[in-house]
Amino acid sequence: MKRANCTEVREFVFQGFSNFQEHQLTLFVIFFALYILTLTGNVIIVTIIRIDHHLHTPMYFFLSVLSTSETFYSLVIIPRMLGSLVGLSQTISLECCGTQLFFFLGFGITNCFLLAVMGYDRYVAICNPLRYSIIMNWRVCVILASSVCATGFLLSLVQALAIFRLPFCNTLIKHFFCDVRPILDLACTVPVINQVLTLVLTLMVLTAPAIFLFVSYALIISTILKIASSDGWKKTFATCSSHLTVVVIHYGCASIVYFKPKSENSKDQDQLLSVTYTVITPLLNPVVYSLRNKEVQDALWKVLCRKSLS
(Lines give C-alpha, C1' and ligand atoms only; values in the text may rest on other atoms or scores of the structure.)
Protein backbone atom coordinates (compact mmCIF):
# COMPACT_ATOMS: atom_id res chain seq x y z
CA MET A 1 0.00 0.00 0.00
CA LYS A 2 1.20 3.46 -0.83
CA ARG A 3 2.38 5.36 2.20
CA ALA A 4 1.08 8.88 2.66
CA ASN A 5 2.57 11.86 4.39
CA CYS A 6 1.31 11.74 7.98
CA THR A 7 0.33 15.40 8.01
CA GLU A 8 -1.73 15.09 4.80
CA VAL A 9 -4.11 12.32 5.86
CA ARG A 10 -7.46 14.09 6.29
CA GLU A 11 -9.76 11.32 5.11
CA PHE A 12 -9.92 7.55 4.94
CA VAL A 13 -11.32 5.04 2.47
CA PHE A 14 -13.30 1.99 3.57
CA GLN A 15 -12.41 -1.34 2.01
CA GLY A 16 -15.93 -2.44 2.92
CA PHE A 17 -17.08 -5.69 1.38
CA SER A 18 -14.91 -5.41 -1.73
CA ASN A 19 -13.84 -9.05 -1.26
CA PHE A 20 -17.50 -10.00 -1.78
CA GLN A 21 -17.96 -7.84 -4.89
CA GLU A 22 -20.29 -10.22 -6.73
CA HIS A 23 -22.57 -10.53 -3.67
CA GLN A 24 -22.88 -6.87 -2.70
CA LEU A 25 -26.47 -6.44 -3.92
CA THR A 26 -27.50 -9.58 -2.03
CA LEU A 27 -25.73 -8.31 1.09
CA PHE A 28 -27.51 -4.96 0.73
CA VAL A 29 -30.93 -6.61 0.60
CA ILE A 30 -30.15 -8.84 3.60
CA PHE A 31 -28.63 -6.08 5.74
CA PHE A 32 -31.36 -3.59 4.82
CA ALA A 33 -34.06 -6.10 5.83
CA LEU A 34 -32.28 -6.83 9.13
CA TYR A 35 -31.86 -3.10 9.75
CA ILE A 36 -35.58 -2.39 9.25
CA LEU A 37 -36.47 -5.33 11.49
CA THR A 38 -34.05 -4.06 14.16
CA LEU A 39 -35.49 -0.53 14.14
CA THR A 40 -39.08 -1.77 14.07
CA GLY A 41 -38.53 -4.38 16.78
CA ASN A 42 -36.75 -2.05 19.18
CA VAL A 43 -39.30 0.73 18.68
CA ILE A 44 -42.11 -1.76 19.38
CA ILE A 45 -40.36 -2.97 22.55
CA VAL A 46 -39.91 0.59 23.87
CA THR A 47 -43.48 1.56 22.94
CA ILE A 48 -45.06 -1.53 24.52
CA ILE A 49 -43.11 -1.04 27.74
CA ARG A 50 -44.13 2.61 27.86
CA ILE A 51 -47.88 2.14 27.35
CA ASP A 52 -48.45 -1.08 29.35
CA HIS A 53 -48.37 -0.35 33.09
CA HIS A 54 -47.81 -4.06 33.86
CA LEU A 55 -44.34 -3.66 32.33
CA HIS A 56 -43.40 -0.66 34.47
CA THR A 57 -40.84 -2.66 36.44
CA PRO A 58 -37.04 -2.33 36.76
CA MET A 59 -36.40 -5.26 34.41
CA TYR A 60 -38.42 -3.72 31.59
CA PHE A 61 -37.12 -0.23 32.33
CA PHE A 62 -33.57 -1.48 31.68
CA LEU A 63 -34.82 -3.40 28.63
CA SER A 64 -36.29 -0.20 27.18
CA VAL A 65 -33.01 1.64 27.79
CA LEU A 66 -31.11 -1.22 26.11
CA SER A 67 -33.49 -1.16 23.13
CA THR A 68 -33.04 2.60 22.76
CA SER A 69 -29.26 2.24 22.94
CA GLU A 70 -29.29 -0.63 20.42
CA THR A 71 -31.35 1.50 18.02
CA PHE A 72 -28.84 4.37 18.05
CA TYR A 73 -25.98 1.84 17.92
CA SER A 74 -27.41 0.56 14.62
CA LEU A 75 -27.89 4.08 13.28
CA VAL A 76 -24.20 4.83 13.79
CA ILE A 77 -22.98 1.95 11.60
CA ILE A 78 -25.54 0.49 9.23
CA PRO A 79 -26.76 3.43 7.06
CA ARG A 80 -23.24 4.24 5.84
CA MET A 81 -22.51 0.55 5.34
CA LEU A 82 -25.67 0.16 3.22
CA GLY A 83 -24.68 3.22 1.19
CA SER A 84 -21.27 1.74 0.41
CA LEU A 85 -22.88 -1.50 -0.78
CA VAL A 86 -24.86 0.36 -3.46
CA GLY A 87 -21.88 2.32 -4.74
CA LEU A 88 -22.03 5.52 -2.71
CA SER A 89 -18.84 7.16 -1.45
CA GLN A 90 -16.45 4.90 0.44
CA THR A 91 -14.52 7.85 1.86
CA ILE A 92 -14.92 9.36 5.32
CA SER A 93 -13.23 12.44 6.76
CA LEU A 94 -10.94 12.22 9.77
CA GLU A 95 -13.47 14.12 11.90
CA CYS A 96 -16.43 11.97 10.83
CA CYS A 97 -14.43 8.80 11.44
CA GLY A 98 -13.58 9.99 14.96
CA THR A 99 -17.24 10.83 15.56
CA GLN A 100 -18.39 7.43 14.32
CA LEU A 101 -15.84 5.66 16.53
CA PHE A 102 -16.91 7.74 19.55
CA PHE A 103 -20.62 6.93 19.19
CA PHE A 104 -19.99 3.30 18.20
CA LEU A 105 -17.88 2.72 21.31
CA GLY A 106 -20.18 4.84 23.49
CA PHE A 107 -23.33 2.87 22.69
CA GLY A 108 -21.42 -0.43 22.53
CA ILE A 109 -19.89 0.03 26.01
CA THR A 110 -23.24 1.22 27.35
CA ASN A 111 -24.88 -1.97 26.06
CA CYS A 112 -22.23 -4.14 27.75
CA PHE A 113 -22.73 -2.41 31.10
CA LEU A 114 -26.52 -2.43 30.74
CA LEU A 115 -26.50 -6.20 30.30
CA ALA A 116 -24.49 -6.45 33.52
CA VAL A 117 -26.98 -4.20 35.35
CA MET A 118 -29.85 -6.33 34.02
CA GLY A 119 -28.05 -9.40 35.39
CA TYR A 120 -27.81 -7.71 38.80
CA ASP A 121 -31.54 -6.91 38.62
CA ARG A 122 -32.33 -10.60 38.01
CA TYR A 123 -29.99 -11.61 40.85
CA VAL A 124 -31.79 -9.34 43.34
CA ALA A 125 -35.25 -10.42 42.09
CA ILE A 126 -34.49 -14.14 42.48
CA CYS A 127 -32.01 -14.29 45.34
CA ASN A 128 -33.45 -11.50 47.48
CA PRO A 129 -37.13 -11.18 46.43
CA LEU A 130 -38.44 -9.76 49.71
CA ARG A 131 -36.17 -6.72 49.46
CA TYR A 132 -36.34 -6.38 45.66
CA SER A 133 -38.69 -3.37 45.60
CA ILE A 134 -36.53 -1.61 48.20
CA ILE A 135 -33.16 -2.31 46.58
CA MET A 136 -34.29 -1.73 42.99
CA ASN A 137 -36.46 1.34 43.52
CA TRP A 138 -36.97 3.81 40.67
CA ARG A 139 -34.37 6.24 41.99
CA VAL A 140 -31.73 3.47 41.99
CA CYS A 141 -32.78 2.33 38.49
CA VAL A 142 -32.45 5.84 37.05
CA ILE A 143 -29.08 6.35 38.74
CA LEU A 144 -27.79 2.98 37.43
CA ALA A 145 -28.97 3.67 33.87
CA SER A 146 -27.56 7.21 33.89
CA SER A 147 -24.24 6.06 35.37
CA VAL A 148 -23.91 3.31 32.78
CA CYS A 149 -24.51 5.73 29.88
CA ALA A 150 -22.16 8.37 31.30
CA THR A 151 -19.41 5.81 31.94
CA GLY A 152 -19.80 4.31 28.47
CA PHE A 153 -19.39 7.63 26.69
CA LEU A 154 -16.59 8.79 28.98
CA LEU A 155 -14.55 5.67 28.22
CA SER A 156 -15.40 6.08 24.55
CA LEU A 157 -14.15 9.68 24.58
CA VAL A 158 -10.87 8.63 26.21
CA GLN A 159 -10.28 5.91 23.60
CA ALA A 160 -11.27 8.09 20.62
CA LEU A 161 -9.05 10.99 21.72
CA ALA A 162 -6.11 8.66 22.34
CA ILE A 163 -6.43 7.14 18.85
CA PHE A 164 -7.00 10.31 16.84
CA ARG A 165 -4.06 12.12 18.41
CA LEU A 166 -1.82 9.69 16.52
CA PRO A 167 -0.29 10.52 13.10
CA PHE A 168 -1.66 8.37 10.27
CA CYS A 169 0.39 7.10 7.31
CA ASN A 170 -2.24 4.95 5.56
CA THR A 171 -5.74 5.78 4.36
CA LEU A 172 -7.36 2.40 3.57
CA ILE A 173 -9.53 1.12 6.44
CA LYS A 174 -9.78 -2.65 6.01
CA HIS A 175 -13.27 -2.69 7.45
CA PHE A 176 -16.76 -1.29 6.80
CA PHE A 177 -16.73 1.22 9.68
CA CYS A 178 -14.29 3.01 11.99
CA ASP A 179 -13.37 0.46 14.66
CA VAL A 180 -10.44 0.52 17.08
CA ARG A 181 -8.12 -2.08 15.57
CA PRO A 182 -8.56 -1.10 11.87
CA ILE A 183 -7.87 2.57 12.74
CA LEU A 184 -4.80 1.74 14.84
CA ASP A 185 -3.46 -0.26 11.88
CA LEU A 186 -3.29 3.02 9.90
CA ALA A 187 -1.13 4.85 12.44
CA CYS A 188 2.53 5.51 11.62
CA THR A 189 3.40 4.20 15.07
CA VAL A 190 1.27 2.96 17.95
CA PRO A 191 2.82 3.96 21.30
CA VAL A 192 2.81 1.42 24.12
CA ILE A 193 0.44 3.67 26.08
CA ASN A 194 -2.22 3.26 23.36
CA GLN A 195 -1.82 -0.51 23.37
CA VAL A 196 -2.09 -0.62 27.17
CA LEU A 197 -5.12 1.71 27.15
CA THR A 198 -6.91 -0.44 24.56
CA LEU A 199 -6.22 -3.60 26.56
CA VAL A 200 -7.36 -2.03 29.86
CA LEU A 201 -10.57 -0.68 28.32
CA THR A 202 -11.31 -4.03 26.69
CA LEU A 203 -10.85 -5.80 30.04
CA MET A 204 -13.07 -3.23 31.76
CA VAL A 205 -15.81 -3.39 29.15
CA LEU A 206 -15.87 -7.12 28.34
CA THR A 207 -14.07 -9.16 30.99
CA ALA A 208 -15.23 -7.38 34.16
CA PRO A 209 -18.97 -7.40 33.29
CA ALA A 210 -18.68 -11.00 32.04
CA ILE A 211 -17.18 -12.12 35.36
CA PHE A 212 -19.86 -10.17 37.23
CA LEU A 213 -22.58 -11.85 35.17
CA PHE A 214 -21.01 -15.29 35.67
CA VAL A 215 -21.03 -14.87 39.45
CA SER A 216 -24.58 -13.46 39.39
CA TYR A 217 -25.90 -16.38 37.38
CA ALA A 218 -24.02 -18.92 39.51
CA LEU A 219 -25.86 -17.52 42.55
CA ILE A 220 -29.14 -17.40 40.61
CA ILE A 221 -28.82 -21.04 39.51
CA SER A 222 -27.97 -22.17 43.06
CA THR A 223 -31.12 -20.39 44.28
CA ILE A 224 -33.29 -21.86 41.50
CA LEU A 225 -32.11 -25.39 42.33
CA LYS A 226 -33.42 -24.95 45.87
CA ILE A 227 -36.96 -24.38 44.61
CA ALA A 228 -38.98 -27.53 45.31
CA SER A 229 -41.72 -27.01 42.73
CA SER A 230 -40.83 -27.85 39.13
CA ASP A 231 -43.30 -25.21 37.91
CA GLY A 232 -41.64 -22.63 40.12
CA TRP A 233 -38.22 -23.72 38.84
CA LYS A 234 -39.32 -23.34 35.22
CA LYS A 235 -41.04 -20.00 35.79
CA THR A 236 -38.03 -18.56 37.61
CA PHE A 237 -35.57 -19.75 34.99
CA ALA A 238 -37.79 -18.39 32.20
CA THR A 239 -37.33 -14.85 33.56
CA CYS A 240 -33.55 -15.19 33.02
CA SER A 241 -33.34 -17.21 29.81
CA SER A 242 -33.97 -14.28 27.44
CA HIS A 243 -31.32 -12.13 29.09
CA LEU A 244 -28.83 -15.00 29.25
CA THR A 245 -29.27 -15.73 25.53
CA VAL A 246 -28.51 -12.12 24.58
CA VAL A 247 -25.54 -11.99 26.98
CA VAL A 248 -23.87 -15.13 25.58
CA ILE A 249 -24.11 -14.00 21.95
CA HIS A 250 -23.22 -10.35 22.65
CA TYR A 251 -20.16 -11.01 24.82
CA GLY A 252 -19.12 -14.07 22.82
CA CYS A 253 -18.86 -12.26 19.46
CA ALA A 254 -17.25 -9.13 20.92
CA SER A 255 -14.69 -11.16 22.89
CA ILE A 256 -13.64 -13.14 19.81
CA VAL A 257 -13.11 -9.95 17.80
CA TYR A 258 -11.24 -7.92 20.42
CA PHE A 259 -9.21 -10.63 22.16
CA LYS A 260 -8.08 -12.89 19.34
CA PRO A 261 -4.55 -12.39 17.94
CA LYS A 262 -4.21 -10.10 14.93
CA SER A 263 -3.76 -11.94 11.63
CA GLU A 264 -3.79 -10.78 8.02
CA ASN A 265 -5.56 -14.00 7.03
CA SER A 266 -8.51 -13.28 9.32
CA LYS A 267 -9.72 -9.96 7.84
CA ASP A 268 -12.77 -11.55 6.19
CA GLN A 269 -13.48 -13.50 9.37
CA ASP A 270 -13.23 -10.28 11.41
CA GLN A 271 -15.74 -8.62 9.09
CA LEU A 272 -18.21 -11.47 9.43
CA LEU A 273 -17.89 -11.38 13.22
CA SER A 274 -18.32 -7.61 13.15
CA VAL A 275 -21.50 -8.04 11.11
CA THR A 276 -22.77 -10.32 13.86
CA TYR A 277 -22.40 -7.78 16.65
CA THR A 278 -23.30 -4.68 14.62
CA VAL A 279 -26.19 -6.01 12.51
CA ILE A 280 -27.50 -9.24 14.06
CA THR A 281 -27.03 -8.66 17.82
CA PRO A 282 -29.18 -5.46 17.91
CA LEU A 283 -31.96 -7.53 16.30
CA LEU A 284 -31.67 -10.23 18.97
CA ASN A 285 -32.93 -7.88 21.67
CA PRO A 286 -36.51 -7.51 20.36
CA VAL A 287 -36.63 -11.00 18.82
CA VAL A 288 -35.48 -12.90 21.93
CA TYR A 289 -37.51 -10.83 24.37
CA SER A 290 -40.67 -11.03 22.27
CA LEU A 291 -40.45 -14.74 21.46
CA ARG A 292 -39.34 -15.95 24.89
CA ASN A 293 -41.15 -13.52 27.19
CA LYS A 294 -44.84 -14.12 27.88
CA GLU A 295 -45.41 -10.72 29.51
CA VAL A 296 -44.16 -8.88 26.41
CA GLN A 297 -46.21 -11.17 24.16
CA ASP A 298 -49.38 -10.53 26.21
CA ALA A 299 -48.79 -6.77 26.19
CA LEU A 300 -48.25 -6.82 22.41
CA TRP A 301 -51.45 -8.81 21.81
CA LYS A 302 -53.40 -6.38 23.99
CA VAL A 303 -52.19 -3.44 21.91
CA LEU A 304 -52.93 -5.24 18.63
CA CYS A 305 -56.42 -6.23 19.78
CA ARG A 306 -57.11 -2.69 20.97
CA LYS A 307 -56.04 -1.31 17.58
CA SER A 308 -58.18 -3.83 15.66
CA LEU A 309 -61.27 -3.01 17.75
CA SER A 310 -60.88 0.78 17.48
Side-chain angles (χ1 to χ4, degrees), residues 6 9 12 14-15 69-70 73 76-77 94 97-117 119-120 147-217 246-278 281-282:
C6 298
V9 175
F12 301 113
F14 290 117
Q15 177 177 291
S69 180
E70 292 278 22
Y73 178 79
V76 171
I77 304 297
L94 189 71
C97 188
T99 303
Q100 186 184 55
L101 179 67
F102 168 72
F103 282 108
F104 162 70
L105 290 177
F107 288 116
I109 294 171
T110 296
N111 294 342
C112 288
F113 288 159
L114 273 173
L115 288 172
V117 169
Y120 174 71
S147 300
V148 160
C149 294
T151 303
F153 281 95
L154 178 61
L155 294 177
S156 171
L157 181 63
V158 170
Q159 178 69 293
L161 288 176
I163 291 175
F164 282 90
R165 288 167 61 95
L166 299 174
F168 296 103
C169 291
N170 290 325
T171 59
L172 180 63
I173 300 176
K174 295 182 179 180
H175 209 14
F176 57 89
F177 69 96
C178 294
D179 200 356
V180 174
R181 183 178 283 181
I183 297 298
L184 284 176
D185 287 343
L186 307 183
C188 301
T189 58
V190 181
V192 175
I193 187 66
N194 283 78
Q195 299 176 24
V196 172
L197 176 64
T198 300
L199 177 61
V200 169
L201 290 179
T202 304
L203 291 173
M204 286 177 61
V205 172
L206 294 177
T207 308
I211 293 173
F212 177 81
L213 284 164
F214 177 81
V215 173
S216 297
Y217 271 101
V246 174
V247 164
V248 169
I249 297 173
H250 183 94
Y251 281 96
C253 293
S255 297
I256 292 172
V257 170
Y258 289 104
F259 282 121
K260 76 181 187 65
K262 188 166 66 173
S263 169
E264 286 295 326
N265 298 325
S266 65
K267 293 297 182 183
D268 291 345
Q269 184 183 20
D270 287 349
Q271 281 195 338
L272 293 175
L273 287 168
S274 296
V275 165
T276 303
Y277 70 79
T278 56
T281 300

Q. Closest heavy-atom contact between V148 and V117?
A. CG2-CG2, 3.6 Å
Please tabulate, for the side chains in residues 188-201, all donor-acceptor contacts under 3.5 angstrom to protein atoms that are two or more places apart in sequence or on a different chain.
unit_1	atom_1	unit_2	atom_2	d
N194	ND2	A162	O	3.0
Q195	NE2	V190	O	3.2
T198	OG1	Q159	NE2	3.4
T198	OG1	N194	O	2.9

Q. Could you go step by step and tell me if Y73 and T110 meet the side chain to side chain contact (heavy atoms under 4.5 Å, CB included) rule?
A. CA-CA 10 Å; Y73 178 79; T110 296; over 6 Å; no
Q.
Rounded at 0.5 Å granularity, tell me how far CG in D179 sits from OG1 in T278.
A. 9.0 Å
Q) Atom OG1 in T99, atom CZ in F164: separation rounded to 0.5 Å? A) 8.5 Å
Q.
Once you measure the plane-to-plane angle for Y120 and F212, does it fall in the parallel (<30°), tilted (30-60°) or perpendicular (>60°) bin?
A. tilted
(Q) If I compare all heavy atoms of V205 with all of L155, which pair ends up nearest, and what's the gap? (A) CG2-CD1, 4.4 Å
Q: Work out which heavy atom in A116 is nearest to a heavy atom in P209; give both atom names and the distance.
A: CB-CB, 4.0 Å
**Q.** Test side chain to side chain contact (heavy atoms under 4.5 Å, CB included) applied to V180 and L105, step by step
**A.** CA-CA 9 Å; V180 174; L105 290 177; 4.0 Å; yes
**Q.** Point-to-point distance, once rounded to the nearest 0.5 Å, from CZ of F102 to CG of L157
**A.** 5.5 Å
Q.
Over 60° means perpendicular and under 30° means parallel, so tell me whether F107 and F103 are parallel, tilted or perpendicular.
A. parallel
Q.
Keeping Q100 on the side-chain end and V76 on the backbone end, is there a donor-acceptor pair under 3.5 Å?
A. yes
Q) Going from CG on L115 to NE2 on H250, what distance comes out if it is rounded to the nearest 0.5 angstrom? A) 5.5 Å
Q. Going from CG on N111 to OH on Y251, what distance comes out if it is rounded to the nearest 0.5 angstrom?
A. 9.0 Å
Q) What is the distance from atom SG of C97 to atom CD1 of I183, rounded to the nearest 0.5 Å? A) 3.5 Å
Q.
The test is side chain to side chain contact (heavy atoms under 4.5 Å, CB included); show your working for F104 and C178 and say whether it passes.
A. CA-CA 8 Å; F104 162 70; C178 294; over 6 Å; no
Q.
Is there a side chain to side chain contact (heavy atoms under 4.5 Å, CB included) between F153 and I109? Walk through the geometry before answering.
A. CA-CA 8 Å; F153 281 95; I109 294 171; over 6 Å; no
